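Notes follow once the structure below has been shown.
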Amino acid sequence: MKTEIFLNLPVKDLNRSMAFFTELGFTFNLNFTDDKAACLEIGENIFAMLLLEEFFKTFTQKQICNTATTTEILMALSVDSREKVDEIITAVVKAGGTEYMEAKDYGWMYQKAFLDLDGHHWEIFFMDESQAPKN
């Protein structure tokens with residue numbers, strides 16, 4: 001059996017969130033998408049379920065964190081080049097997201113961060129593992 005990862009994220013406006021991620025070039029698995037949830041395809045076997053807040057609450061007894069003041073998770077996605085990192089962040093800002101924190105350049109790894117429309121923290125990075133420091 002293959003392992004799949006499903007991140008579950010509460011969102012305030014499902015259609016707006018879907019439009020945002022579509023503008024960034026992501027697609028959705030429509031078999032797992034309805035009026036309460038959308039299945040964002042991140043990579044092979046990696047998905048984020050965007051769940052309307054009221055529907056999200058049916059899966060937990062805890063409060064949903066206030067993303068304006070609290071970070072519950074950092075989602076980090078690798079891409080093929082430094083240029084792709086910059087390209088995605090440019091698309092994020094154009095689509096209404098927020099570039100978050102300054103770029104970090106370690107020589108062998110380059111990363112930038114953004115907040116989506118609901119304040120969830122995403123990091124986009126390029127890493128040349130052949131140049132990574134050896135311990």
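The shown structure was predicted, so the numbers you read here are calculated from the model rather than taken from an experiment.
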Could you measure the distance from the [atom1] atom of [X] to the [atom2] atom of [Y]? Nearest 0.5 Å is fine.
{"X": "Met101", "Y": "His121", "atom1": "CE", "atom2": "NE2", "value": "6.0 Å"}
{"X": "Glu72", "Y": "Asn66", "atom1": "CD", "atom2": "CG", "value": "12.0 Å"}
{"X": "Ile64", "Y": "Thr70", "atom1": "CD1", "atom2": "OG1", "value": "12.5 Å"}
{"X": "Phe126", "Y": "Glu83", "atom1": "CZ", "atom2": "CD", "value": "8.5 Å"}
{"X": "Asp34", "Y": "Leu14", "atom1": "CG", "atom2": "CG", "value": "8.0 Å"}
{"X": "Leu9", "Y": "Glu53", "atom1": "CG", "atom2": "CD", "value": "11.5 Å"}

side-chain contact (heavy atoms from CB on, under 4.5 Å) between Gln111 and Tyr106, intermediate numbers included:
CA-CA 9 Å; Gln111 71 185 57; Tyr106 302 100; 4.1 Å; yes
Examine [X] and [Y] and state if one hydrophobic cluster contains both, with Ile, Leu, Val, Met, Phe, Trp and Tyr joined whenever side-chain heavy atoms are less than 4.5 Å apart.
{"X": "Leu40", "Y": "Leu30", "value": "yes"}
{"X": "Leu7", "Y": "Met18", "value": "yes"}
{"X": "Phe114", "Y": "Ile73", "value": "yes"}
{"X": "Phe26", "Y": "Met75", "value": "yes"}
{"X": "Val11", "Y": "Tyr100", "value": "no"}

If you apply the rule side-chain contact (heavy atoms from CB on, under 4.5 Å), what do you find for Thr3 with Asn45, and how did you get there?
CA-CA 7 Å; Thr3 299; Asn45 302 325; over 6 Å; no
For the student: nearest non-hydrogen atoms of [X] and [Y], plus distance:
{"X": "Phe20", "Y": "Gly97", "value": "CE1-N, 3.4 Å"}
{"X": "Glu41", "Y": "Asn29", "value": "OE2-CB, 3.4 Å"}
{"X": "Ala113", "Y": "Ile89", "value": "O-CD1, 4.0 Å"}
{"X": "Leu24", "Y": "Ala95", "value": "CD2-CB, 4.4 Å"}
{"X": "Glu99", "Y": "Lys112", "value": "OE2-CD, 3.9 Å"}
{"X": "Gly107", "Y": "Arg82", "value": "O-NH1, 4.1 Å"}

Do the side chains of [Y] and [X] get nearer than 4.5 Å, heavy atoms only?
{"X": "His120", "Y": "Pro10", "value": "yes"}
{"X": "Leu115", "Y": "Trp122", "value": "no"}
{"X": "Phe21", "Y": "Thr27", "value": "no"}

Checking Asp118 against Ser17 for the side chain to side chain donor-acceptor pair (under 3.5 Å) test, could you report, in this order, the C-alpha distance in whole Å, the side-chain angles of both residues, the deciding distance, and whether it holds?
CA-CA 8 Å; Asp118 290 283; Ser17 292; 3.1 Å; yes
Which label fits Phe59 and Phe55: parallel for a plane angle under 30°, tilted from 30 to 60°, or perpendicular past 60°?
perpendicular
Steps toward side-chain contact (heavy atoms from CB on, under 4.5 Å) verdict (Ile42, Leu77)
CA-CA 8 Å; Ile42 295 174; Leu77 306 177; 3.4 Å; yes
Within the 6.0 Å centroid threshold, strictly below: Phe47 and Phe6:
yes
Before you tell me yes or no, could you show the steps for Tyr110 and Asp86 under side chain to side chain donor-acceptor pair (under 3.5 Å), namely the whole-Å CA-CA distance, both residues' side-chain angles and the distance that decides it to 0.1 Å?
CA-CA 10 Å; Tyr110 176 67; Asp86 293 335; 2.6 Å; yes
Salt-bridge contact Glu4-Lys2 (side-chain N to carboxylate O under 4.0 Å)
yes
